[in-house]
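What's counted below: heavy atoms across the whole structure, side chains too, no hydrogens, waters or symmetry copies. So that the names make sense, note that chain A is the first sequence line, chain B the second, and so on, each numbered from 1.
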2 protein chains.
Amino acid sequence: MTAPPHDARRGTSGTPLPDTQQGMRRRNLSRVMHAVAAHGPLSRAAVATRIGLTRAAVSTLVDELIRSGLLDELGPERPGNKVGRPGSALAVSGSGPVGIGAEVGVDHLSVCAVDLRGEVRARAVRQGDNRGRAPEPVLEELGALLRQVSDEARRAGLRPAGLAIAVPGLVARGTETVVRAPNLDWQDVDFGALLPGGLPLTVDNEANFGALAELWLGDGVPHDFLHVSAEIGIGAALVVDGRLLRGTRGFAGELGHVPVWPDGPACPCGGRGCLEQYAGEEAVLRAARLDPGADRVGLLAERAEQGDEDVRRALRDAGAALGIALTGAVNLLDPRSVVLGGALSRLAPWLLPSLEGELRRRTAGTTCAVAVSGLGSDGPLLGAAHSVVRAVLDDPAGAAA
Amino acid sequence: MTAPPHDARRGTSGTPLPDTQQGMRRRNLSRVMHAVAAHGPLSRAAVATRIGLTRAAVSTLVDELIRSGLLDELGPERPGNKVGRPGSALAVSGSGPVGIGAEVGVDHLSVCAVDLRGEVRARAVRQGDNRGRAPEPVLEELGALLRQVSDEARRAGLRPAGLAIAVPGLVARGTETVVRAPNLDWQDVDFGALLPGGLPLTVDNEANFGALAELWLGDGVPHDFLHVSAEIGIGAALVVDGRLLRGTRGFAGELGHVPVWPDGPACPCGGRGCLEQYAGEEAVLRAARLDPGADRVGLLAERAEQGDEDVRRALRDAGAALGIALTGAVNLLDPRSVVLGGALSRLAPWLLPSLEGELRRRTAGTTCAVAVSGLGSDGPLLGAAHSVVRAVLDDPAGAAA
DNA sequence: ACTATTTCGTCATGGCACTTAACAAATTAG
DNA sequence: CTAATTTGTTAAGTGCCATGACGAAATAGT
């Protein structure tokens, strides 16, 4: 229904969008919101110097944003400045719009509401294996959770401004249709048709939302990195210049099928020796001589911690394969860092030594830091909710409603 | 001195540039120029509908551009429209600014001047091996060629608006310093200091300029592709959404050191089994049992054409290795196509079958077209000159002088 | 305590960029 | 030859930000 927020502003053809005064106004409203959201409570004067407009101009912008309920005036502020009249502190409203984020995982459904300040204001989770279930009943349950969270938010005086859903599968660029979700065994599921409408809807890959969460919430992470996450497949998401690189069809980031040993075992994808054959969940479990059961990642972590040599070797080998695949990616993309997220962050202690070893040996000089995500398994959910929040910050006028 | 033109418009930090009315004017001037440059002679009314402004607004913009000498009024035009007053055709000026492009190759120096219409208006080449020569005498010769071309352009009433130089090596992002050019055996050469000033200078990798040439001049190539070129090393340049992906330090595109067979022969880069060990010029010559001499690419093409089995096998194997490395890249980036440029375009007939074979087998479904560049060896030079032209189109107000 | 200084937010004025609306000019259709 | 259509220009209008001046609120100095 609505275009993905993060590619906005780019015209469809070579000619960008026309530039009118209203567009200028909208962009400046957005700049004010971003400045206040990113750099804590700020006075009008501080905003003005920060975004390069005059105090007078910022005053009118702020007035409009306060009237729309997107900014709050907190009252006089004790400023860092020593002398002069204190400014009136402005903060993004904690009682205006909220972004609704949802995640359809293989073993859970979760929904949350995040306000403009980034606080989680409502939350609902339903555990339960969704593998092999038909889309309709799953999305019906998801709808119930969504209603629950929306109602809770509304009771708190908040207004849902949009809905973003993270799914473990490929989503065709610009649509709400899941083309293929191997772990759920879903194909061509149109979320727009199966969920009650009413809110602007965005559906995207969980790896993408996880990377965006890292970009927006991770600390110290620059806006140029490669985010690797593994659930059952291995997905990567590339953030370049603070923007997600989606690829022509939206299928970018298929790290799992990068060839590692080109003559290696055949892969369902048609190739041979894909990374997934060495570092995918199934492959690691097999190499560790463990049976696939529930909470397999937890099991691996537990055994590794206990010192199980088979498990440790399996993880070491997986890390080496990851390191080789990442060497290619780092050579191609020159990111500032690589971030391990999702299940990988939990297994990082045993993956990292061999991973970093391969990477460093093969990219001498081109030092690329490897970091572990601090967001844990909440990344995709938070990224989804925050994507709605960002959409509001990116166009406050359009989202004021 | 000036920032690379293609990353412009992006603020230094999270907060973008402020939006003032003057900025709006500049952007709209740019839109007019782009519309006229891209879509042939156009009337004011046609420009207006195309860029979404009113005829009145476009009229004042066009007046200003004509006064600056960037647009020419050709006179009444026979329009496609059946009825109504004919418009007055506008075209970008053929007598205004020109972009000066230069290329420092291993066996030649070349310089050209391209006007806003994209026509090459002056040109100078000096053949001769530059391998191992010190930077100073080479750049002195280049300076002589530059003067020659600039003078010729000036005699034709043209005004050099900027200088862009393509070099076979790595250039640190945003600088004019060649960090490392292995084939010339140069390190940390500051072009800005060694060339006479006076013009805004940009120095960049030849692969990058080759890709930009493909983007701007290639026909049918979309603005999402992976451009592969091989001189002695193998470089790639990624164009995403019409923008060059440079990487954090400007070192993106090092396809030559993507691991292909991780246990393969050691590579000077410190890794093992890098693509360059299989498809690099030296490796191919060795496999073909040919001695390195002058015009080695030409020799390979000639022998392959004559049916030399050793050469053909060597090229077949190189193509397969390329296909494997590209499989990784395609999986990661999901480009619309892969374009073979530079020396590869000449050898394409013998590389393509195995290359496409590997690529197609390993990326079933994810069809990614492989194309051969039509620009030949002129790509980098033309890309450099056109980058200056684009800078003028991108900010006509700033470049009017 | 009182004044000078500094900084903040607002207001009135002005300039700039685009839109709207009207019009003359140039061409085709009937 | 008139009506219709399209172009380019002009004049008035609106929106948005800059400029400069002002009162308000706090600190520093005497």
Check: [N] base within 3.5 Å donor-acceptor of [X] side chain:
{"X": "Gln21(B)", "N": "dG15(D)", "value": "yes"}
{"X": "Arg85(A)", "N": "dT7(C)", "value": "no"}
{"X": "Arg55(B)", "N": "dG8(D)", "value": "yes"}

* **Validation row: Ser150(A), Val98(A) side chains within 4.5 angstrom (heavy atoms)** => no
* **Min side-chain heavy-atom separation Phe209(A)-Ile165(A) under 4.5 Å** => no
Side-chain N or O of [X] closer than 4.0 Å to phosphate OP1/OP2 of [N]:
{"X": "Arg26(B)", "N": "dA17(C)", "result": "no"}
{"X": "Asn28(A)", "N": "dC17(D)", "result": "yes"}
{"X": "Ser59(A)", "N": "dG9(C)", "result": "no"}
{"X": "Thr54(B)", "N": "dT19(C)", "result": "yes"}

Taking atom [atom2] of [N] as reference, at what distance in whole Å does atom [atom1] of [X] sit?
{"X": "Glu64(B)", "N": "dC18(C)", "atom1": "CD", "atom2": "P", "answer": "10 Å"}
{"X": "Gln22(A)", "N": "dC16(D)", "atom1": "CD", "atom2": "C1'", "answer": "10 Å"}
{"X": "Asp63(A)", "N": "dC8(C)", "atom1": "CG", "atom2": "P", "answer": "17 Å"}
{"X": "Met24(B)", "N": "dG15(C)", "atom1": "CE", "atom2": "P", "answer": "18 Å"}
{"X": "Leu90(B)", "N": "dT7(D)", "atom1": "CG", "atom2": "C1'", "answer": "12 Å"}
{"X": "Arg50(A)", "N": "dC8(C)", "atom1": "CZ", "atom2": "P", "answer": "13 Å"}
{"X": "Arg27(A)", "N": "dC17(D)", "atom1": "CZ", "atom2": "P", "answer": "10 Å"}
{"X": "Leu74(A)", "N": "dG9(C)", "atom1": "CG", "atom2": "C1'", "answer": "16 Å"}

* To do: In plain terms, say whether Asp19(B) and Arg27(B) are close enough for a salt bridge, that is, a side-chain N and a carboxylate O under 4.0 Å apart.
  => yes
* salt_bridge(Asp224(A), Arg336(A)) N-O dist < 4.0 Å -> no
* Please work out if Ser43(A) contacts a base, only the sugar-phosphate, or nothing of the nucleic acid, heavy-atom cut-off 4.0 Å. => sugar-phosphate
* To do: Looking at every strand, decide which applies to Ala57(A) at a 4.0 Å heavy-atom threshold: base, sugar-phosphate, or nothing.
  => sugar-phosphate
* Tell me which of Ala56(B) and Thr60(A) sits closer to the 5' end of DNA chain D, going by the nucleotide each one is nearest to. => Ala56(B)
* **Residue Arg25(B), side-chain heavy atoms: nucleotide from dT19(C), dT9(D), dA17(C) that is nearest** => dA17(C)
* To do: Output the single nucleotide from dG9(C), dC17(D), dT20(C) whose closest atom is nearest the side chain of Ser88(A).
  => dG9(C)
* To do: Would you name the heavy atoms of Ala237(A) and Asn208(A) that are closest together and state the gap between them?
  => CB-OD1, 3.6 Å
